[in-house]
Amino acid sequence: MRLALFQPAIPQNVGACIRLGACFGVELHVIEPTGFRFDDRAMKRAALDYGPLGHLVRHAGWEEFQRDRGPGRLVLFTTKGATPLDDFIFRPDDTLLFGSEPTGAPDHVHEAAEARVVIPIRPEARSLNLSVSAGIALWAGLRGAALLP
């Protein structure tokens, strides 16, 4: 299982996802461009000392990510998802993809996804924070694919 972020804009979210990847032993793929410089102090501070434990893969763009991401389904987490998280069946080689914080995922990313999943929240709420969503999804995916220790 892999975690992927499409053009993230907030360094603290990427830092938190580096920590997620390190703690759960999964690769984190970042699809550029990002909304910050990768040497930004805020991102480093958010990742703390987890960076060396995680496996971070940077992709110059969408095409490079698609070419290099590896086997398995591309599972897009979106507020426009078709399948609620608790109804989705995960596979060990899934790549869990999240769109950019301010804009989500564009149409071509939605079209490339083999599955779209929504994390159910209260109807009056707009959305969860990116790294919170990634944590919920990654834990559910690892648990559902029987990959947790």
Please enumerate all residues that pass salt bridge (charged side-chain N to carboxylate O under 4.0 Å, His left out) together with Glu64, with sequence neighbours excluded.
none
Restricting to non-hydrogen atoms, name the atom on Ser100 and the atom on Pro102 that form the minimum distance, rounded to 0.1 Å.
OG-CD, 3.2 Å
Taking side-chain contact (heavy atoms from CB on, under 4.5 Å) as the definition, give me every residue that meets it alongside Asp87, ordered by chain and number, with sequence neighbours left out.
Thr83, Pro84
Show every side chain to side chain donor-acceptor pair (under 3.5 Å) that has at least one partner inside residues 117-138, sequence neighbours left out.
Asn13-Asn129, Asn13-Ser131, Arg122-Glu124, Asn129-Ser131
Under the salt bridge (charged side-chain N to carboxylate O under 4.0 Å, His left out) rule, collect the residues that match up with Arg91, sequence neighbours excluded.
none
Indicate, with yes or no, if Val118 and Trp139 share a hydrophobic cluster defined by side-chain heavy-atom contacts under 4.5 Å among Ile, Leu, Val, Met, Phe, Trp and Tyr.
no
On a heavy-atom basis, which atom in Phe36 and which in Ala9 lie closest, and how many Å separate them?
CD2-O, 3.7 Å
Rounded distance [0.5 Å steps], CG in Leu97 versus CG in Leu5:
8.0 Å
Ring pair (Phe, Tyr, Trp, His ring centres under 6.0 Å) contacts touching residues 86-111 (sequence neighbours left out):
Trp62-His108, Phe77-Phe98, Phe88-Phe90
Let me confirm one number: the CG-CD distance from Leu130 to Gln12, rounded to the nearest 0.5 Å.
11.5 Å
Look at the side-chain heavy atoms of Ile, Leu, Val, Met, Phe, Trp and Tyr, link any pair under 4.5 Å apart, and say whether Leu3 and Leu148 land in one connected group.
yes
Quick one: does Leu74's side chain get under 4.5 Å of Phe65's, heavy atoms only?
yes
In Å and rounded to the nearest 0.5 Å, what is the CG to CD distance from Leu76 to Glu111?
11.5 Å
ILVMFWY network linking Leu142 to Val117, side-chain heavy atoms under 4.5 angstrom
yes
With sequence neighbours excluded, tell me which residues meet salt bridge (charged side-chain N to carboxylate O under 4.0 Å, His left out) with Arg58.
Glu32
State which residues pass side-chain hydrogen bond (donor to acceptor under 3.5 Å, both in side chains) with Arg73; sequence neighbours excluded, sorted by chain then number.
Asp94
Nearest heavy atoms of Pro92 and Ala145, plus distance in Å:
N-CB, 3.8 Å
With sequence neighbours excluded, what pairs up with Ile136 under the side-chain contact (heavy atoms from CB on, under 4.5 Å) test?
Leu85, Ile119, Leu128, Val132
With sequence neighbours left out, write down each residue that passes side-chain hydrogen bond (donor to acceptor under 3.5 Å, both in side chains) with Arg116, or none if nothing qualifies.
none
Ignoring hydrogens and angles, tell me if any N or O in the side chain of Arg2 forms a donor-acceptor pair with the backbone of Val26 under 3.5 Å.
no
Go through the structure and list residues passing ring-ring contact (aromatic ring centres under 6.0 Å, His included) with Phe24, not counting sequence neighbours.
none
Answer yes if Leu96 and Val30 sit in the same cluster of Ile, Leu, Val, Met, Phe, Trp and Tyr residues linked by side chain heavy atoms under 4.5 Å apart, and no otherwise.
yes
With a 4.5 Å heavy-atom cut-off, do Asp68 and His29 have their side chains touching?
no
Is there a side-chain contact between Leu20 and Leu28 (heavy atoms, below 4.5 Å)?
no
Gln7: which residues meet the side-chain hydrogen bond (donor to acceptor under 3.5 Å, both in side chains) condition with it, sequence neighbours left out?
none
